[in-house]
Amino acid sequence: MKWLVAVLLVLLAVFQYRLWIGEGSIADVVRLQREIARQQAENERLRERNKLLAAEVEALKNGYDAVEERARSEMGMIKEGETFYMIVEDK
């Protein structure tokens, strides 16, 4: 009878190890759930960025206003008859 109790205790210890420490344990599941939540947040952020980029591409394809705005802000271009002023801040 003692050997049966010893075997059962060993089996209990093995199962407890898998439950608390091993692969698929509660700690592992919690870590994976956090990773999934972090990845879902990252995916949502990238999805929003892609929407903005798609809207910007569509605006650049369909109208000159977006092209003009980019040319002015990024390249410093001006229309004929306009005067370009650049304000340089002191360091």
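Values below: all heavy atoms of this structure, side chains included; hydrogens, waters and symmetry mates excluded.
- In terms of hydrophobic clustering, with Ile, Leu, Val, Met, Phe, Trp and Tyr side chains grouped at heavy-atom distances under 4.5 Å, Leu11 and Trp3 are assigned to a common cluster.
- The closest side-chain heavy-atom distance from Arg49 to Leu52 is not below 4.5 Å.
- Within the hydrophobic cluster formed by Ile, Leu, Val, Met, Phe, Trp and Tyr side chains joined at under 4.5 Å, directly or through other members, Met86 is accompanied by Ile78, Phe84, Val88.
- Val67 shares a hydrophobic cluster with Leu60; the chain of contacts runs through ILVMFWY side chains whose heavy atoms sit under 4.5 Å apart.
- By the side-chain hydrogen bond (donor to acceptor under 3.5 Å, both in side chains) test, Gln33 pairs with no residue at all, sequence neighbours left out.
- Across Gly24 and Asp28, no two heavy atoms sit closer than the pair N-OD2, 3.1 Å.
- For Glu48 and Lys51, the salt-bridge test passes: some basic side-chain N is under 4.0 Å from an acidic carboxylate O.
- In the hydrophobic clustering of ILVMFWY residues, with side-chain heavy atoms under 4.5 Å counting as a link, Tyr17 and Leu19 come out together.
- Remark: side-chain polar atoms of Glu74 are not paired, donor with acceptor, to backbone N or O of Ala71 under 3.5 angstrom.
- By the neighbour-count criterion of 12 heavy atoms within 6.0 Å, atom CD of Glu69 is sparsely surrounded, having that number or fewer from other residues, nucleotides or ligands.
- Between Arg34 and Arg38, every side-chain heavy-atom pair lies at or beyond the 4.5 Å cut-off.
- Atom OG in Ser73 sits 10.5 Å away from atom CD in Glu68 (nearest 0.5 Å).
- Under the side-chain contact (heavy atoms from CB on, under 4.5 Å) rule, Glu44 has a single partner from Glu42, Arg47, Gln40, which is Arg47.
- Between Arg31 and Glu35 there is no salt bridge, since none of the side-chain N atoms of the basic residue sits less than 4.0 Å from a carboxylate O of the acidic one.
- Remark: Glu82 does not engage Lys79 in a salt bridge, criterion side-chain N to carboxylate O under 4.0 Å.
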